[in-house]
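Take a look at the structure set out below.
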Amino acid sequence: MDTLINLVNKLQKACTALGDFGEESSLPTLWDALPTIAVVGGQSSGKSSVLESVVGKDFLPRGSGIVTRRPLVLQLHKIEEGKEYAEFAHLPRKWFTDFAAVRKEIGDETDRVTGRTKQISSVPIYLSIYSTNVVNLTLIDLPGLTKIAVEGQSDSIVQDIENMVRSYIEKPNCIILAVSPANQDLATSDAIKISREVDPKGERTFGVLTKIDLMDKGTDAVDILEGRSHRLKFPWIGVVNRSQADINKNIDMIAARRKEREYFFNSPEYSHLANRMGSEHLGKVLSRHLESLIKSRIPGLQSLISKTILDLETELNRLGNPIAADSGGKLYMIMEICRAFDQTFKEHLDGIRPGGEKVYGVFENQLPSALKRLQFDKQLSMENVRKLITEADGYQPHLIAPEQGYRRLIESTLVTIKHPTEAVVDAVHDILRDLVRKSIKETKELKNYPPLKVEVMNAAYESLERMRNESKRAALQLVDMECSYLTVDFFRNLPQDVEKGGNPTHSIYDRYNDAYIRRVGSNVLAYVHMVVGTLRHSIPKSVVYCQVREAKRSLLDRFFTELGAKEGRQLGKLLDEDPEITQRRQNTVKRLELYRAAQCEIDTVVWAK
């Protein structure tokens with residue numbers, strides 16, 4: 001039993017040290033899963049006196065109003081021999097043997113968080129007491145419930161205390177120790193009222209009745225203690241605390257326990273219940289029940305811890321590694337992040353991720369459609385063909401075929417292909433820019449470092465711009481090549497016209513009759529269609545070579561070169577992480593350490609059993 005309770009004590013200490021004590025979190029806290037005993041009662045219910053009786057020491061702050069302003073997690077450790085002492089989690093390895101000093105430190109530590117006001121805080125204080133006169137047990141002393149705010153407290157203090165108490169006792173793993181004074185109507189008990197709300201069947205509530213010795217003459221608490229007045233799953237336990245006179249006379253707790261036992265054994269009303277009354281019996285009952293509850297919860301704890309470790313590891317992986325301290329480490333980290341982005345970008349182009357198929361759509365849809373829309377017939381109208389042939393002949397008409405006229409007609413027609421060619425380059429450029437945006441968004445490491453994200457995006461855009469300019473130059477050169485050198489075999493294979501240009505004695509315009517002009521226009525159009533068919537395939541090859549291929553090969557090459565010349569301070573600026581991400585990573589690392597340690601502790605206990 002001692003091993004199980006000590007296990008929970010260790011885990012609760014670790015929860016507090018690492019901030020995992022039930023505050024809001026995206027993941028369930030280990031604290032919530034651990035069995036606990038919360039002490040609940042109204043002000044002046046005798047709650048603090050009950051705790052001191054169980055411990056056997058006078059150590060809690062006293063006074064009027066709200067004395068307990070932070071939860072006090074009290075861990076009792078039974079030792080076989082030696083001097084009893086206390087130790088706070090916030091003052092490790094400092095042993096308190098004077099329990100008046102313990103009382104003062106509780107007050108001082110409360111003020112350190114809440115200030116010297118009467119406000120409250122949900123951050124627990126951890127106190128361990130080692131004594132031969134205690135049982136192994138952990139109790140959480142909560143602020144006393146109140147009905148009105150006193151001077152120096154906010155108007156919301158009543159609700160704030162209730163909300164804090166409720167946040168502890170509404171958890172299914174919490175045992176409720178509801179402390180009520182016997183000299184007041186139980187129907188008005190704050191502890192019973194709030195306990196009923198969260199545990200209506202009383203399955204995890206222990207009722208403790210104080211101030212039995214202060215009841216009016218002729219009245220007793222037998223109906224309550226025997227469960228007839230207010231039934232709970234567990235029997236009610238009555239206690240008799242030290243009176244103010246006892247406190248003034250410095251009567252110690254051991255003598256007070258003896259006096260308590262004598263009261264119940266010697267009282268005619270309670271003698272038949274004496275064996276299950278008193279603070280000493282209360283401690284033993286709670287210790288046995290806590291041990292039983294812990295034992296039943298261990299399989300669920302193991303499952304929760306294993307699952308949470310996986311969740312935390314996933315979260316830590318998503319948040320990325322912490323920033324290295326040295327320049328080499330920073331440079332390596334930046335390079336790795338950039339490589340992750342570059343790999344994501346390539347996966348889009350290679351079809352592993354969506355987006356790359358849009359490039360193919362430009363080649364298969366946009367380019368053919370644009371080429372079809374070119375109005376070659378306007379360029380090759382009879383009037384324009386006659387005009388260009390005549391101008392090309394100059395002062396001396398051609399002898400056999402208007403070769404210069406053919407060249408001018410072909411050049412002037414092919415030039416119109418340049419616009420759709422440039423449009424294809426621009427369309428692919430826009431797709432690549434969009435893939436850069438998507439890849440940056442999908443590279444989780446970049447999300448943590450806004451300055452590096454901006455630099456990588458700008459560097460990628462600059463590279464794409466250079467590649468677009470080179471791609472336009474190369475694609476337009478393909479058109480220029482077709483204009484510069486005609487495929488002679490095409491014209492050699494054309495059917496020959498019998499008439500070679502008409503009667504030389506006629507004027508030049510008479511010689512270029514309509515049939516001849518139509519034949520020339522038809523020949524030029526056929527040749528242009530042949531060239532368009534060639535460019536239809538060669539332009540995509542050029543665009544892929546100059547843009548897509550280069551983007552895959554060297555998108556960030558220039559950025560990497562510039563990185564190598566940067567100093568450590570400049571590299572640090574690129575890794576200027578969002579403080580929220582840094583804090584979240586630190587918290588996740590701490591929680592992961594906690595859960596791994598908890599897993600080892602539980603496994604050790606289970607294997608020992």
_Does Lys453 have more than 12 heavy atoms from other residues, nucleotides or ligands lying within 6.0 Å of its NZ?_
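Open: at most 12 neighbouring heavy atoms sit under 6.0 Å from NZ of Lys453.
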*Looking only at side chains, do Asp199 and Ser195 share a donor and an acceptor under 3.5 Å apart?*
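Note: Asp199 and Ser195 side chains miss the donor-acceptor criterion.
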If only atom types and distance count, is the side chain of [X] paired as donor or acceptor with the main-chain N or O of [Y] below 3.5 Å?
| X | Y | value |
| --- | --- | --- |
| Asp223 | Arg228 | no |
| Arg276 | Pro235 | no |
| Thr205 | Ile176 | no |
| Ser267 | Glu269 | no |

*Of the options Lys590, Arg591, Gln583, Arg585, which is the one that meets Asn587 in a side chain to side chain donor-acceptor pair (under 3.5 Å)?*
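Of all the options given, the one that passes is Gln583.
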Is the ring pair [X]/[Y] parallel, tilted or perpendicular, if the boundaries are 30 and 60 degrees?
| X | Y | result |
| --- | --- | --- |
| His77 | Tyr130 | parallel |
| Phe59 | Phe99 | perpendicular |
| His230 | Trp236 | perpendicular |
| Phe96 | Phe88 | perpendicular |

*When you look at Glu336 and Arg339, which way does the salt bridge (charged side-chain N to carboxylate O under 4.0 Å, His left out) test go after all the steps?*
CA-CA 5 Å; Glu336 286 298 297; Arg339 289 191 185 102; 2.8 Å; yes
If you round to the nearest 0.5 Å, how far is [atom2] of [Y] from [atom1] of [X]?
| X | Y | atom1 | atom2 | answer |
| --- | --- | --- | --- | --- |
| Leu186 | Gln184 | CG | CD | 10.0 Å |
| Ile161 | Arg69 | CD1 | CZ | 10.5 Å |
| Ile79 | Tyr85 | CD1 | OH | 6.5 Å |

Is it true that [X] and [Y] have a side-chain N and a carboxylate O under 4.0 angstrom from each other?
| X | Y | answer |
| --- | --- | --- |
| Glu105 | Arg112 | yes |
| Glu593 | Arg596 | no |
| Glu170 | Arg166 | no |
| Glu260 | Arg257 | no |

*With Val239 as reference, evaluate Val54, Val208, Ile212, Val179 under the side-chain contact (heavy atoms from CB on, under 4.5 Å) test and give the passing residue.*
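Filter result, single survivor: Val208.
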